[in-house]
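Just so it is clear: chains get the letters A, B, ... in the order the sequence lines come, proteins before strands, and each one is counted from 1.
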Amino acid sequence: MDLSGWMRIQATPRPLLVTARGGGGIRVAAERVLRQRGWDLASTPAEADLLVVCGVPDDDALAAAVERVWSAFPAPRARASVHVETDVVSELDRARVRLDDVEWQRSDIAARTGAAETARAEEHTGEHDHTGHTTHSTTEPACGHHRSSDPGGGHSMGDHDMGGHDAHMMHGGDVAGLRMADRAPDRDGLALDQLHVSLGPVLPDWPAGLVVRVALQGDVVQSAEVEVIGEAHPDGSSWLGMPAAAAALDSMARLLSVCGWGTAMRSARRLRDELLTGAVDDAELGRFVGRLRRSRTLRWATDYVGRLDLPHSDLAGDATQRWRRWLDVVEGREAGHRRGDHAEVALERLPGLLEGQELAAARVIVASLDPDLDSVLPRDARDRVR
Amino acid sequence: MNAVSQGPTWTVLLVPVLLGVLALCGAAFARVLDARADGRGISGGVLAAPLAESGRLLLQQRRAVVASDRLLARTGVVLVPVAAVLAALVVPLGDRTASDLSIGIVWFNAMEVVTWAALWMAGWGSNSVWGLLGGYRFVVQGLSYELPHMFALITVATGAGSLRVSDAVAAQESLWFVVWMPVAFVAFLLSALALSFSGPFDTATGRDIVGGVLAEYSGVDRLLLVAGRWLMLSAAAAMSVPLFLGGSGGPLLPGWLWTLVKAVAVLGLLVWVRSRTATLRMDRFAEFGWLVLIPLTLLQALVVAVVVVGMTGGM
């Protein structure tokens with residue numbers, strides 16, 4: 001075996017998980033297998049080599065986002081689509097084999113290069129013929145073009161440019177075929193660059209099916225529009241049968257990840273899986289919950305963030321109060337997790353909560369509400385406003 | 001304990017090797033902590049994971065976003081590990097140092113500030129929302145940790161009466177600086193995490209902004225950034241040894257081994273802190289930095305200055 005083949009086999013793959021609505025149970029199963037194998041989760045396509053789609057992307061918007069993310073993967077790459085929980089292991093194994101299959105990877109690269117060249121040829125006949133453009137494509141075939149037709153969505157959000165390229169404005173307000181940043185007054189009345197970014201549907205530690213379109217100035221959210229994509233699966237997954245304590249730990253793991261506490265996130269996921277198999281050590285669970293409650297850095301990240309005045313609701317209070325309530329559920333001191341019309345209320349309040357927040361706080365708000373969109377049944381007017 | 005002296009020129013080549021080994025140890029320890037949290041056994045595979053991951057990244061295709069600023073991005077990416085190695089040049093191993101600059105302490109500080117610029121360039125140059133936000137965040141973070149960091153270094157220089165690292169080691173022959181400059185030591189450790197954008201100070205590469213500065217980098221570019229982070233953390237941990245922990249001083253073992261043992265211990269402590277904390281929100285840390293750390297480090301510098309003046313006046 002040659003050296004590169006040997007090196008490839010030594011490394012563990014880096015999967016990027018994408019969850020469709022109704023794929024929550026599959027995601028939990030996939031996370032368990034990946035954790036046991038030590039395959040760390042990627043947060044961006046650039047880092048990843050394995051795309052794992054949990055559930056069926058039965059919606060055009062999500063399917064398109066998955067394809068965009070897939071096209072942003074560097075070689076070598078492989079993908080796994082898991083439609084039922086029992087397929088997790090076999091699908092991951094199949095993808096792993098493909099990842100190490102040099103022949104398949106070669107033909108994949110060839111196909112992408114061909115597609116990129118076709119796209120370039122088409123573009124050159126059109127109006128977007130900028131001088132700097134060809135140099136991009138020739139120096140790095142197959143990975144310079146994946147975003148040119150995509151003004152934000154999923155992961156492909158890097159395509160706007162911020163100021164400083166006034167010369168290009170002569171060409172009609174775009175650079176390399178991409179729209180420039182807008183200008184808009186900020187909260188102090190200054191005209192600042194404004195970026196339109198779509199959070200979701202493919203974003204790590206993000207509720208499945210949620211898309212929030214935000215206008216950003218710097219890292220402050222100016223406005224937010226909420227949309228839910230994909231078909232609801234009220235009874236299709238084992239997600240609903242999950243004990244409240246495990247579901248609460250799942251929410252907690254996601255919040256911990258957003259708050260940048262990777263080690264605790266890993267412990268939370270492991271304890272969740274142990275709760276599901278009934279093998280949990282209660283003393284260890286208690287210690288873990290105690291450590292989270294005592295953590296000053298975690299409280300710093302969540303105190304006073306996303307305050308809601310909703311008496312008698314799971315959502316009442318700030319982010320800290322919400323995750324502390326989850327820990328009560330984990331310890332069995334509170335009965336249910338995400339009860340009643342939890343998701344509907346969260347969606348309704350979300351835009352108001354997000355506006356004026358820094359992006360970091362916005363992520364904490366969404367993670368601390370953690371709406372289970374599988375349960376949102378009737379599509380209301382908010383869905384599919386486009 | 002022998003005085004630290006300038007080593008032969010070839011020792012410069014030893015610096016990246018030793019720093020690399022130290023960085024691999026740190027990364028392997030982080031993997032061990034991860035594996036324990038995951039409930040996996042600690043195997044050889046876990047310990048070798050940083051090397052295996054480096055191999056994976058070497059084989060991975062590089063990619064870039066349309067209209068990214070390549071020159072800026074690549075300069076930034078390369079500068080991160082280079083700055084770390086350059087910073088480590090002034091760290092003595094035992095009684096030999098690769099470069100005994102008369103302004104060694106300032107040199108270390110300057111190289112670490114290069115990381116600011118490098119990370120900002122890498123973030124801005126990648127032409128991505130996430131990279132840009134990561135770059136912004138690192139600059140904000142710098143404003144919060146840099147002053148306490150500088151005051152900590154100034155305190156050491158005041159105690160040693162010199163900006164030369166070997167003089168700082170010599171001044172600790174009877175009493176380690178960590179004993180009478182504990183605040184400066186803690187501030188230095190905090191800034192060691194902050195300047196290597198790791199642990200609770202990893203806002204610039206946060207998972208909430210899908211990796212921030214790292215978001216668009218794959219392959220060898222990503223390897224340079226991630227390795228640069230570990231090299232920088234290791235360089236800062238190693239630098240704490242001559243600055244606060246008496247350099248190569250210690251009983252029984254040879255000096256060079258003492259230096260390594262102390263550096264590994266400090267690095268281990270930093271990696272452990274990393275596993276026990278959530279990312280610090282920058283507005284909160286800015287408050288803490290300016291209202292608590294700066295006054296405390298200033299007070300520490302004042303106390304040290306008074307002691308130094310008193311001692312030299314009494315002599």
Contact leader toward chain A among [options], where contacts are heavy-atom pairs under 4.5 Å:
| options | result |
| --- | --- |
| B/D208, B/L51, B/L33 | B/D208 |
| B/L214, B/T203, B/L59, B/L133 | B/L59 |
| B/R40, B/R274, B/R31, B/R36 | B/R40 |

Got a salt bridge between B/D38 and A/R270, using NZ or NE/NH1/NH2 to carboxylate O under 4.0 Å?
-> no
Flag side-chain contact, heavy atom, 4.5 Å: A/E47 against B/V226 = no
Under a 4.5 Å cut-off applied to non-hydrogen side-chain atoms, are B/R56 and A/R14 in contact?
-> yes
Ignoring hydrogens, what is the shortest heavy-atom contact between [X] and [Y]? Give both atom names and the distance.
| X | Y | value |
| --- | --- | --- |
| A/A46 | B/A215 | CB-O, 3.3 Å |
| A/A48 | B/Q60 | O-NE2, 3.3 Å |
| A/V197 | B/V129 | CG2-CG2, 3.7 Å |
| A/G260 | B/D202 | O-OD2, 4.5 Å |
| A/S267 | B/A37 | OG-CB, 3.4 Å |
| B/V210 | A/P204 | CG1-CD, 3.4 Å |

Show your reasoning for whether side chain to side chain contact (heavy atoms under 4.5 Å, CB included) applies to B/Q61 and A/R112.
-> CA-CA 13 Å; B/Q61 183 186 25; A/R112 288 167 98 183; 3.9 Å; yes
Pick from [options] with the largest number of heavy-atom pairs that fall under 4.5 Å of chain B:
| options | result |
| --- | --- |
| A/A11, A/A361, A/A75 | A/A75 |
| A/R363, A/Q10, A/R291, A/R35 | A/R35 |
| A/M265, A/Q36, A/E358 | A/Q36 |

Chain B contact via [X] - which portion, at a heavy-atom distance below 4.5 Å:
| X | result |
| --- | --- |
| A/L216 | side chain |
| A/D49 | both |
| A/A42 | backbone |
| A/R299 | backbone |
| A/L41 | both |
| A/V366 | neither |

Name the region of B/R207, side chain, backbone, both or neither, that has any atom closer than 4.5 Å to a heavy atom of chain A.
-> both
Below 4.5 Å from any heavy atom of chain A, which atoms of B/L58 appear? Answer side chain, backbone, both or neither.
-> side chain
Which side chain to side chain donor-acceptor pair (under 3.5 Å) pairs, counting each pair once, include a residue from residues 282-296 of chain B, with sequence neighbours left out?
-> B/R281-B/D283
Can you tell me if CZ on A/R296 sees more than 12 non-hydrogen neighbours from other groups inside 6.0 Å?
-> no
Are more than 12 heavy atoms from other residues, nucleotides or ligands located less than 6.0 Å from atom CZ of A/R37?
-> yes
Measure the [atom1]-[atom2] distance between [X] and [Y] for me, rounded to the nearest 0.5 Å.
| X | Y | atom1 | atom2 | answer |
| --- | --- | --- | --- | --- |
| B/S275 | A/R266 | OG | CZ | 11.0 Å |
| A/D40 | B/D34 | CG | CG | 6.5 Å |
| A/D219 | B/W130 | CG | CH2 | 11.0 Å |
| B/T277 | A/W261 | OG1 | CH2 | 7.5 Å |

So, B/R63 side chain and A/A72 main chain: donor-acceptor pair closer than 3.5 Å or not?
-> yes
Show your reasoning for whether side chain to side chain contact (heavy atoms under 4.5 Å, CB included) applies to B/R276 and A/T263.
-> CA-CA 7 Å; B/R276 299 292 283 204; A/T263 317; over 6 Å; no
Intermediate values then yes/no, side chain to side chain contact (heavy atoms under 4.5 Å, CB included), B/L280 and A/W300 | CA-CA 7 Å; B/L280 290 171; A/W300 272 8; 3.3 Å; yes
